[in-house]
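First the structure, in the form of structure tokens, and then the observations on it.
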2 protein chains.
Amino acid sequence: MANEELDYRKMSILKAVIDDYIETQEPVGSRTIAKKYDMGLSSATIRNEMADLEELGYLSQPHTSAGRIPSEKGYRLYVDKLMKLEDKLGFEPTAEELEDVKVRMQHEIGEMSDQIRVASELVSRLTEYTSIAISGAADGTQRIKALQVVPVEPGKALAVIVLDDDSVKNAIIQHDKAISPETLMKVSTHCNLLFAGHRVEEISMNMINSVSEATGVARTALMPVIDGIFECIKKAADTEVHTEGAVKFLSHPEFSDVGKAKGILELLNREDLMIDLIKECSTSDGLVIRIGSENKIEGLNECSVVTATYSVNGVKLGTIGVLGPTRMDYPRVVAALEYVRKRLTGGSNLEAPEGMAMLPGGGSAEITEVK
Amino acid sequence: MANEELDYRKMSILKAVIDDYIETQEPVGSRTIAKKYDMGLSSATIRNEMADLEELGYLSQPHTSAGRIPSEKGYRLYVDKLMKLEDKLGFEPTAEELEDVKVRMQHEIGEMSDQIRVASELVSRLTEYTSIAISGAADGTQRIKALQVVPVEPGKALAVIVLDDDSVKNAIIQHDKAISPETLMKVSTHCNLLFAGHRVEEISMNMINSVSEATGVARTALMPVIDGIFECIKKAADTEVHTEGAVKFLSHPEFSDVGKAKGILELLNREDLMIDLIKECSTSDGLVIRIGSENKIEGLNECSVVTATYSVNGVKLGTIGVLGPTRMDYPRVVAALEYVRKRLTGGSNLEAPEGMAMLPGGGSAEITEVK
DNA sequence: GTTAGCACTCGACGCAATAGAGTGCTAACA
DNA sequence: TGTTAGCACTCTATTGCGTCGAGTGCTAAC
């Protein structure tokens, strides 16, 4: 705990101010610090130090006769050096909750890898903030586990592919009625042999010749089927987003103005923006914290984002981001994301949590500083 | 246009009051009516009539020196007898919008029948209110078009079923590794033959014997596979909900209080409640309007719901409901739902709209009165 | 039956006075 | 030299009060 321009006492006071502000959401005055946090100093001394901290840019004043609130620079120092993580979840998920999550992770399957979606729900519940999940790598490196063309009715079929994160993509195919179900199955089997185990990015249009030759189906008749398969692959390459707990923004006093709240919720609906937001942070493998205007999305200047990317057995499941007001409870958010990491990467077996002992005790070398 | 207790003049005035209130969202006074709506009457006369209307329960006063606002009884009469529907959409969807909708309806496929979901998006955009869509019949009467078990990797497979509304359900299967892909295919083919064309409700557990006998696979080994298929069927029987434009609630002055808005948005997230809400109205085939406390959900007393159920070729696609403040623009909502009906039931070909000439001209025998 | 006129009611708005929280500064103190 | 007590000052939030205006209900005249 050292800093080029701040001594121990200043840092203690800064930490106390931010802790208190996170807790109360109100500007904090020198008297409060002197009384609530036992520093052995009078309010006057703390006042002087706070004036210094303001001059250095770590704190600011909404107006002359109010207490201080942290600046972005203050938060930055706080998350990098000051905050304590122990015991920040405050409560443990109940056994039922865990059982529920466990069941859903094992049994459900859908467009997005459900593990990451369920994890996102859990994070939102633990933190009381909005959580945004984006699916897997979505960079073409996912592998295809299986592919099948299912005949549905004359002239109609369904293309299905399963990816390595167990997510499923499908697309309807309208084809020439002359193609029999048997022929479709033959095409299906051939394509499966051809693609299974390969990366999405490796699949090219040239395959159509090979399939046509191997199955004896005319190229033109085959086109719709191939198109359907490609549509699946295109879907696999699309990043998917899932937002959980958007309403929670309305609980924060920062957004008690309906106009502001509306602005944020509208942004949350913009999937393209959210993908950018989370993806930009997901380059690193550790936790990434972006404070206030550090994220580049217009209208999210008063928000912070904390993201964590999850992989199981080398397969990138996706990235979960927590979005909340700049004054969010960073320790709690970091604790929640770390907690979920243990749950996910420790295999799919969700045991009862052993409290927060698993979390890094004090400072946090694990947090990657961005920008 | 007749009513046991109201003469023509009273009804005209009531209609004028409600039209104006829907437009301005402010209590409307006698002077406004006299000036804006050319009735050939002085404000004093209208004042007297309005006092009568209040006494009869069609209008009410927020406070002594304010204008009148419609009561639920007033709205009821309005939607049943008074409102005019012509030209209420006010604008037509642009060609690009229609093209977009068309493309999505044809190409996408997913858990919920996409037609109904895309239609719901359109309704929300046309009305500027929140739209809630629930999927198909979900009463066990849907037919299975196709069923297939897709081998994914040793010990893992995927069950896929396609229903008659072209929605797809799937479930992951963890099975005995001893079952080879070939055996799985055999099971798959057998089940498909057994189930295709049948209703979901007809499928019973007894099938396991038949499948076991026909394929020569031991019953116990077959269990996980059958379970997977049943999970699909269970999903098919689950009603799915899709909410569109929830944020739009924040645009209505009625919900400029964040607490109120939060309450509503939280209700909107309660899928079970929304299903009940929409389902309850979807018994009828026509449009159903529920005003204020006519719907039974606590916390939705200040909201109205208008629902329409859509079927194509006898297959029930689902029900779309519009949820908005009691003071919603009923004519516009009805017009939008009817417009979408023409689009959906007129086949999937979405031509450019021919204006609102297609809408019923005046009174609306098509609207089912509930309760 | 309709209308003009008028007194009355009640919320919305603007303004000034007040209370309270917190600061910065100065002077005294260890 | 660093710390603290005291005090004047600043600024916000709240409250109370007077005014304005919209709209009503009632009465009397047409």
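Naming: A, B, ... by sequence-line order, numbering from 1 per chain. Hydrogens, waters and symmetry mates are skipped; everything else that's a heavy atom, side chains included, is used.
Within a 6.0 Å radius of NZ in B:Lys35, no more than 12 heavy atoms belonging to other residues, nucleotides or ligands are found.
Atoms CG (A:Asn48) and P (C:dG22) sit 17 Å apart, rounded to a whole Å. What separates CD of A:Glu26 from P of C:dG20 is a distance of 17 Å, to the nearest Å. Rounded to a whole Å, the NZ atom of A:Lys35 is 10 Å from the P atom of C:dG22. Look at CE on B:Met39: it is 13 Å from P on C:dT3, rounded to the nearest Å. Put simply, CD1 on B:Ile13 is 13 Å from C1' on C:dG1, counting in whole angstrom units. One interatomic measurement links the two molecules: CZ of B:Arg31 to C1' of C:dT3, which rounds to 14 Å at whole-angstrom precision. Rounded to an integer number of Å, the gap from A:Arg47 CZ to C:dG22 P is 11 Å. Look at NE2 on B:His63: it is 6 Å from P on C:dG11, rounded to the nearest Å.
Of the two residues contacting DNA chain C, namely B:Ser65 and B:Leu41, the nearest-nucleotide position lying further toward the 5' end is that of B:Leu41. Place A:Met50 and B:Ala44 on DNA chain C by their nearest nucleotides, and B:Ala44 ends up nearer the 5' end.
The salt bridge (Lys or Arg N to Asp or Glu O under 4.0 Å) search around A:Glu49 returns A:Arg9, A:Lys10, not counting sequence neighbours.
Between B:Tyr330 and B:Tyr75, the distance from one ring center to the other falls under 6.0 angstrom.
A sub-4.0 Å separation between OP1 or OP2 of C:dT3 and a side-chain N or O of B:Ser42 is present.
Figure legend: cation-pi geometry between A:Lys248 and A:Tyr129 absent, as NZ or CZ is not positioned both under 6.0 Å from the six-membered ring centre and within 45° of its axis.
Inter-residue side-chain proximity for A:Ser120 and A:Val123 is flagged as unmet; no heavy-atom pair is nearer than 4.5 Å. Looking at heavy atoms from C-beta onward, A:Ser65 lies in side-chain contact with A:His63 at the 4.5 angstrom threshold.
Classification of B:Lys260 and B:Glu302 as a salt-bridged pair holds, one side-chain N sitting under 4.0 Å from a carboxylate O. Salt bridge A:Glu280/A:Arg290: present, at least one basic N to carboxylate O contact under 4.0 Å.
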Kindly determine whether B:Glu294 and B:Arg76 satisfy side chain to side chain contact (heavy atoms under 4.5 Å, CB included), including the steps that lead there.
CA-CA 10 Å; B:Glu294 284 175 12; B:Arg76 185 81 264 167; 2.6 Å; yes
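DNA chain D forms stems at C:1-30 with D:1-30, each a run of 3 or more consecutive Watson-Crick or G-U wobble pairs whose two key distances fall under 3.5 Å.
In this structure, B:Ser30 reaches the sugar-phosphate backbone alone: every heavy-atom distance under 4.0 Å involves primed, P, OP1 or OP2 atoms, never a base. Within the nucleic acid shown, A:Thr45 comes within 4.0 Å of at least one base atom, counting heavy atoms only.
Nucleotides of DNA chain D lying under 4.0 Å from heavy atoms of chain A occupy a range whose first and last members, 5' to 3', are D:dT3 to D:dT12.
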